[in-house]
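Notes for the one structure printed next.
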Amino acid sequence: MPALRGHNAALVLDLLRAAGEAGASRSELAEGTGLTPQAVSKITARLRDAGLVAQAGHRPSTGGKPRTLWRLVRDARHAVGLHLDRDEVTAVLVDLLGGVVAAHRAPFDLGAPCRAVVDAAAGAVRALPAGPGRGGRPLGVGVACPGPLDHRTGVLRRVTGFPHWDGHPLRDSLARRLGLPVVLDKDTNAAALGLALRGGEGGGDASFAYLHLGTGLGAGLVLDGVLYRGRRTGAGEFGHQVVQLDGPECGCGDRGCLEALCLAAVARGDAAGAARVLGTGAAGLAGLLDVDRVVLGGRTVLADPEPYRAGVERELAARAARTDGRAVPVSVAPGGTRLVARGAAHLVLAPLFGRLEPGTRPEDLG
């Protein structure tokens with residue numbers, strides 16, 4: 001993919017991604033990237049020859065020649081996103097704008113022997129249709145699963161409830177099985193990255209916390225528009241904060257964790273109680289990081305979103321009343337149950353648009 005190489009090409013592609021079908025002129029691209037018009041002309045010509053950009057019409061003249069508009073050809077390339085949940089797998093094929101063009105969902109057992117899990121994950125990817133109009137082989141596969149894990153090496157750690165995964169090189173195992181580049185990250189990080197790249201709801205340059213309540217509880221953190229993983233890649237273990245000393249045992253081995261309390265409330269059908277626990281944790285997180293927004297997602301929240309949104313909002317409002325009076329807004333993430341899988345595909349797409357966190361090199365992403 002020579003046309004995609006280079007920081008300047010990534011800047012141009014990112015602006016065209018943000019512009020959508022409306023497109024942008026060369027002068028707008030030059031202004032937005034800080035490049036000269038001549039440099040932008042060379043880059044757009046190279047991207048056009050690679051089939052990645054195309055003309056999107058013309059803008060009426062304001063005194064000179066009408067300006068040619070350029071747009072990203074969304075179906076020129078594709079990426080696969082794979083969400084490995086504890087009990088089901090979701091695979092999606094997405095275009096360059098993150099739109100889902102094919103999907104597959106099936107039962108799954110993350111607690112099975114590692115070889116069987118890798119086989120099932122590879123099978124989910126192969127179940128996605130391919131062929132004409134799909135841009136040939138995918139650019140790669142982004143994999144999102146529960147942590148903890150090291151996204152730089154692609155190695156799982158002691159996944160909560162499944163300690164047998166500790167030290168397994170899942171990224172490399174899947175790459176060998178599929179013959180494709182693979183990127184691995186936590187499910188919450190993948191979802192937060194997808195939201196940040198979408199802009200709008202919880203995106204743009206905002207700082208927000210994505211709280212995911214499904215088979216577990218975790219957080220994805222975007223600070224000043226950048227996905228925050230931490231130096232040891234362990235950020236976002238939101239569910240394993242102890243809030244009740246000597247409380248119920250958690251799958252992580254500790255007692256009284258947010259996750260244990262929240263899942264216990266869910267199990268007894270107490271959505272209001274689960275929302276209160278979730279909101280208590282969210283209020284502490286908002287106070288610690290001063291985020292602009294809290295975004296909720298995950299299978300449990302999506303099954304009945306309003307009690308969770310309202311409950312978390314109440315806890316954040318109560319905290320605001322005791323502090324500066326400015327309540328952090330709460331929303332439910334768009335994208336439904338495919339949000340994590342789509343975010344996983346963005347793990348592959350983000351480097352094409354220059355969207356890497358500080359200090360990360362493309363080669364670190366597998």
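- In this structure, R319 places its CZ atom where more than 12 heavy-atom neighbours from other residues, nucleotides or ligands lie under 6.0 Å away.
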Step-by-step side-chain contact (heavy atoms from CB on, under 4.5 Å) determination, V141 to V182: CA-CA 5 Å; V141 180; V182 174; 4.2 Å; yes
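- Alongside V242, the hydrophobic cluster contains L245 (criterion: ILVMFWY side chains under 4.5 Å).
- Of the possible polar contacts, none joining the E315 side chain to the V312 backbone as a donor-acceptor pair under 3.5 Å is found.
- Under the 4.5 Å side-chain heavy-atom criterion for grouping Ile, Leu, Val, Met, Phe, Trp and Tyr, F108 is connected to F162 within one hydrophobic cluster.
- Using a 4.5 Å cut-off on side-chain heavy atoms (C-beta onward), V159 and L156 make contact.
- Partners of D14 according to the salt bridge (charged side-chain N to carboxylate O under 4.0 Å, His left out) rule, which considers only residues two or more places apart in sequence or in another chain, are R17, R355.
- Hydrophobic clustering, with ILVMFWY side chains joined whenever heavy atoms are under 4.5 angstrom apart, groups V291 together with L296.
- Scanning for side-chain contact (heavy atoms from CB on, under 4.5 Å) contacts around T215 gives D85, R86, D87, R299, with sequence neighbours left out.
- Closest non-hydrogen pair, V89 versus A124, comes out as CG2-CB, 3.9 Å.
- F238 places a side-chain heavy atom less than 4.5 Å from the side chain of L211.
- With hydrogens and angles ignored, the 3.5 Å screen pairs a side-chain donor or acceptor of W165 with a backbone N or O of L110.
- Hydrophobic clustering places L35 together with W70 (ILVMFWY residues linked when any side-chain heavy atoms are closer than 4.5 Å, directly or through intermediates).
- Not a single donor-acceptor pair under 3.5 Å links the side chain of R48 to the backbone N or O of V53.
- Using a distance-only test at 3.5 Å, with no hydrogens or angles considered, a donor-acceptor pair links the side chain of T233 to the main chain of L149.
- Of the inter-residue distances, the one linking S41 atom OG with Q38 atom CD reads 7.0 Å to the nearest 0.5 angstrom.
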Start with the C-alpha gap between D150 and T153, add the side-chain angles, then the distance that decides, and say whether side-chain contact (heavy atoms from CB on, under 4.5 Å) holds. CA-CA 6 Å; D150 188 334; T153 62; 3.4 Å; yes
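- At most 12 heavy atoms of other shown residues, nucleotides or ligands fall within 6.0 angstrom of atom CD in E31.
- Side-chain contact check for T44 versus R26: some heavy-atom pair is nearer than 4.5 Å.
- Residue L285 is grouped with residue V294 when hydrophobic side chains (ILVMFWY) are merged at heavy-atom distances under 4.5 angstrom, including chains of intermediate members.
- In this structure, CD on E237 lies 10.0 Å from SG on C257, to the nearest 0.5 angstrom.
- To the nearest 0.5 angstrom, D246 atom CG is 12.0 Å from E249 atom CD.
- If you take CG on L193 and CG on N189, they are separated by 8.5 Å, rounding to the nearest 0.5 Å.
- Under a 4.0 Å N-O distance rule, the pair E313/R309 qualifies as a salt bridge.
- Side-chain atoms of S27 and R67, non-hydrogen and from C-beta on, do get closer than 4.5 Å to each other.
- Taking 4.5 Å as the limit, every side-chain heavy atom of H151 sits out of range of all side-chain heavy atoms of L184.
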What verdict does the side-chain contact (heavy atoms from CB on, under 4.5 Å) test give for R71 and V73, after you've listed the backbone C-alpha separation in whole Å, the side-chain angles of each residue and the deciding distance to 0.1 Å? CA-CA 6 Å; R71 63 174 177 84; V73 179; 4.1 Å; yes
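- Under the 4.5 Å side-chain heavy-atom criterion for ILVMFWY residues, no single connected hydrophobic cluster contains both L47 and L69.
- Looking at L263, L258, L302, V277 one by one, the single match for side-chain contact (heavy atoms from CB on, under 4.5 Å) with L213 turns out to be L263.
- Contact of the L195 side chain with the F208 side chain is registered, since non-hydrogen atoms from C-beta on lie closer than 4.5 Å.
- Interatomic distance, H168 NE2 to L170 CG, rounded to the nearest 0.5 Å: 5.5 Å.
- Using modelled atom types, one side-chain atom of K186 and one backbone atom of A235 make a donor-acceptor pair closer than 3.5 Å.
- In this structure, the side chains of R105 and T337 come closer than 4.5 Å at one or more pairs of heavy atoms.
- Distance alone, capped at 3.5 Å, places no donor-acceptor pair between the R157 side chain and the G167 backbone.
- Side chain of H164 to backbone of A112: a donor-acceptor contact under 3.5 angstrom is found.
- The number of heavy atoms from other shown groups lying within 6.0 Å of CZ (R276) does not exceed 12.
- For the pair R229 and D185, the salt-bridge criterion is met [side-chain N within less than 4.0 Å of a carboxylate O].
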Does the pair V100 and L93 meet the rule for a side-chain contact (heavy atoms from CB on, under 4.5 Å), with working shown? CA-CA 6 Å; V100 175; L93 186 70; over 6 Å; no
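- Atom CZ of R74 is separated from atom CG of D95 by 4.0 Å, given to the nearest 0.5 angstrom.
- Counting heavy atoms from C-beta outward, S207 and D290 have side chains that stay 4.5 Å or more apart.
- The side-chain contact (heavy atoms from CB on, under 4.5 Å) with F353 is formed by just one residue from the set L13, L197, V12; it is L13.
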